[in-house]
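Working notes, structure below.
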Amino acid sequence: MRTIRKFEFLNARTIDEAVNTLAAYKGKAWPFAGGTDILRMMRFQPLPENLYPEVLINLKTISPSLEYIKEEDGILSIGALTKLVDIANNALVGERYSALANAANKVASPQIRNMATISGNICQLTHCLYFSKPDNRFHCLRKGGSECPAQLGDNRYCSIFGDVNGCVAVNTSDIAPALIALNARIKTNKRMVNAGEFWDVRVPGSTILDEDEIVVEIQVPRPPPDAKSVFMKFSIRSSIDFPIVNGAALIGDGVARIALNAVAPKPYRATKAEEVLKGKTIDETAAEEAAIAAVSEASPLSFNKWKISVAKAIVKRMVLNTKSR
Amino acid sequence: MNIPGEKKTDDIGVESKNLAKPPQIIGLTVNGRQHIFKVGVDIQPNTTLRDLLKERLGLYSPKEMCQGDGSCGSCTVMLDGKPVLSCLTLAVDCDGKSVETVEGIAEAGHPLIDAFRNNYAYQCGYCTSGFIVAAKALLDRNPNPTDEEIVKALSGNICRCGAYAAIISAVREAAERLKGG
């Protein structure tokens, strides 16, 4: 087995310590939470030499702990280091924010859900077959290279909604679409960001976070009482795999929010489908119309037209699933 | 002692009191026995829990089917009672925690071991230790699981020989025996 690349490991005792240390190392230090994504990356080394962290800063030693779930004044607050298993099994989240609980329950495998945190899931690197090949086999745009091998190569699982900064790799977070559908906010040590504006495509990062910024809390407003939220994921195996397309929807009580992920470099909000559903009673026809609208702006690559049908089916089923209460 | 991180922090010339510090000593319990490791001497920051169990303690049960990709479950161990992947867990991150491997489960005489044998719940046996740990974690929190719950609890483990049906029977039998059946 490959050994993990060398690094220094530091325990942060407070958020200030973590952030100061991140700032002191000027991009050469990365925050460390569950570690499932970062250690895989440090083992298979898809990045060029200059992009690896030299220091990992452990956030799990921060006190008071960033691992909590509570609901106050109609807002669900989830600490950044809350494990996915705890979100999936939380009765309160399951009852009122079911899209989020179901999304957490569909991430990877039971073992990974015991390790991985919600903030790590939303900050995971977007990747494609080329980006994640070991030993920087393909020096693509997201690694500071000059071309995207997926545009003309194997792009079966890539974006169907065009590129961002030239990259067509997709964001594979399961939590992301649930947060967008539930209109969540992400609190960092510097600011409060709406979930819809949190993601970006950078070298090599996938969020808008600065190098000395960490996620501190996720805040989800309680959905209207008659609205129902759902999450759906399509992947080859029902466990362990990343999604091929996933999505979440919050529909009812005058609200219609639909988000898809793994279809674009950033989580995709299907605003066209939301407009179609405004003021309509949910039935088979409305769901079909919403599904068509959701993919109306798709521009597939050479090998991934099939993902449009998958995305359509997911939107249709999600809309229909919000009907039955 | 050369503490990782110390030199770098001085180089930057920032006051070190408000910066994160490297761990120096890691204490953990493995199968009920206490162990202490010095960081930088016994273990390095990039030593995984799996490496520590294998190379420092001679526990060979956590396997490496997927070569450290986190996608097979053959290196599963219990960390504070929960099944985790030891190939993606850092040893320096385990301070104060308790680890249980198949060696510990067998030593305690858990009926899962016999149940796996009775049901021929393996062919090559490479995935078995991961399955037993995941199954033990399930029976600890749910002594009376349905088949569906067993499948869900074991969904992070892969058996390339395809012994799944026998594995489910084995877990069912172990659950019966734990109830005194």
Side-chain angles (χ1 to χ4, degrees), chain A residues 1-14 16-26 28-29 31-40 42-44 54-62 83 85 89 105 108-116 132 134 237-242, chain B residues 3-9 11-23 39 44-48 50-51 64 66-73 75-93 95 130 133-134 137-138 151-158:
Chain A
M1 181 155 60
R2 285 163 176 261
T3 49
I4 290 175
R5 199 187 157 82
K6 283 202 169 71
F7 56 87
E8 290 169 31
F9 192 79
L10 306 178
N11 285 333
R13 285 170 302 178
T14 60
D16 272 356
E17 267 192 15
V19 173
N20 289 346
T21 318
L22 284 170
Y25 282 99
K26 297 182 177 63
K28 284 291 166 192
F32 181 89
T36 53
D37 203 38
I38 211 168
L39 292 179
R40 239 174 112 224
M42 297 283 273
R43 172 174 281 139
F44 293 101
E54 286 170 12
V55 180
L56 296 181
I57 296 163
N58 189 9
L59 307 181
K60 292 195 294 282
T61 42
I62 288 177
K83 303 269 193 310
V85 64
N89 294 341
N105 201 24
S109 65
Q111 285 92 328
I112 289 185
R113 292 195 289 276
N114 280 337
M115 305 159 76
S132 39
R237 300 175 294 185
S238 62
S239 183
I240 304 178
D241 278 348
F242 282 112
Chain B
I3 300 165
E6 195 170 61
K7 191 167 151 285
K8 281 257 162 94
T9 317
D11 285 351
I12 294 168
V14 233
E15 258 193 55
S16 65
K17 67 177 175 192
N18 207 9
L19 291 177
K21 308 272 189 309
V39 182
Q44 300 300 326
N46 66 347
T47 306
T48 61
R50 186 185 168 280
D51 295 340
E64 48 170 70
C66 67
Q67 304 291 309
D69 185 42
S71 58
C72 76
C75 68
T76 305
V77 301
M78 299 246 259
L79 192 62
D80 284 348
K82 284 184 175 171
V84 300
L85 302 174
S86 61
C87 74
L88 290 178
T89 302
L90 290 179
V92 282
D93 203 11
D95 191 23
V133 175
L138 167 71
V151 169
K152 194 186 170 202
L154 302 181
S155 64
N157 295 69
I158 283 177

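Below, read A as the first sequence line, B as the second, and so on, with proteins coming before strands; counting in each chain starts at 1. The structure displayed is predicted, hence computed values, not measured ones.
A distance of 7.5 Å separates CG in B:L90 from CG in A:L56, rounded to the nearest 0.5 Å. Between atom CZ of residue A:R40 and atom SG of residue B:C66 there is a gap of 8.5 Å, rounded to the nearest 0.5 Å. Note: B:N46 CG to A:L39 CG = 9.5 Å, rounded to the nearest 0.5 Å. To the nearest 0.5 Å, atoms CZ (A:F9) and OG1 (B:T47) are separated by 11.5 Å. Note that CD1 of A:I4 and CG of B:L88 are 6.5 Å apart. Values are rounded to the nearest 0.5 Å. Within the model, atoms CZ of A:F32 and CG of B:D93 stand 5.0 Å from one another, a figure rounded to the nearest 0.5 Å.
For B:L154, no part lies under 4.5 angstrom from a heavy atom of chain A. Heavy atoms of B:T48 lying under 4.5 Å from chain A belong exclusively to its side chain. Within the 4.5 angstrom heavy-atom criterion, no atom of A:V19 approaches chain B. If you measure heavy-atom distances from A:N20 to chain B, the contacts under 4.5 Å come from both the backbone and the side chain. Heavy atoms of A:R237 lying under 4.5 Å from chain B belong exclusively to its side chain. Using a 4.5 Å cut-off between heavy atoms, B:A153 contacts chain A through its backbone alone, with no side-chain atom that close.
Between B:A20 and A:L10, the shortest heavy-atom distance links the atoms CB-CB, 3.7 Å. Across every non-hydrogen atom of B:G70 and A:I112, the tightest pair is O-CD1, 3.4 Å. The two residues A:M1 and B:R50 come nearest to each other via the heavy atoms CE-NH1, 3.5 Å. For the pair B:P83 and A:N114, the tightest heavy-atom approach, listed with the atom from each and the gap, is O-ND2, 2.8 Å.
Chain B forms the most heavy-atom pairs under 4.5 Å with one residue out of A:T3, A:T61, A:T21, A:V85, and that residue is A:T21. Across A:P110, A:A12, A:G34, the residue that shares the most heavy-atom pairs under 4.5 angstrom with chain B is A:P110.
Under the 3.5 Å distance criterion, the side-chain polar atoms of B:S155 are left unmatched by any main-chain donor or acceptor of A:S239. With hydrogens and angles disregarded, a donor-acceptor distance shorter than 3.5 Å links the side chain of A:R43 to the backbone of B:G68.
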Item to complete: Using the side-chain contact (heavy atoms from CB on, under 4.5 Å) rule, take B:D95 and A:N11 through it: C-alpha gap first, then chi angles, then the decisive distance, then the call.
Response: CA-CA 11 Å; B:D95 191 23; A:N11 285 333; over 6 Å; no
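Taking the side-chain hydrogen bond (donor to acceptor under 3.5 Å, both in side chains) definition, one finds that A:N105 meets it with B:K152, sequence neighbours left out.
Residue pairs meeting the side chain to side chain donor-acceptor pair (under 3.5 Å) criterion with at least one member in residues 75-85 of chain B, sequence neighbours excluded: A:Q111-B:T76.
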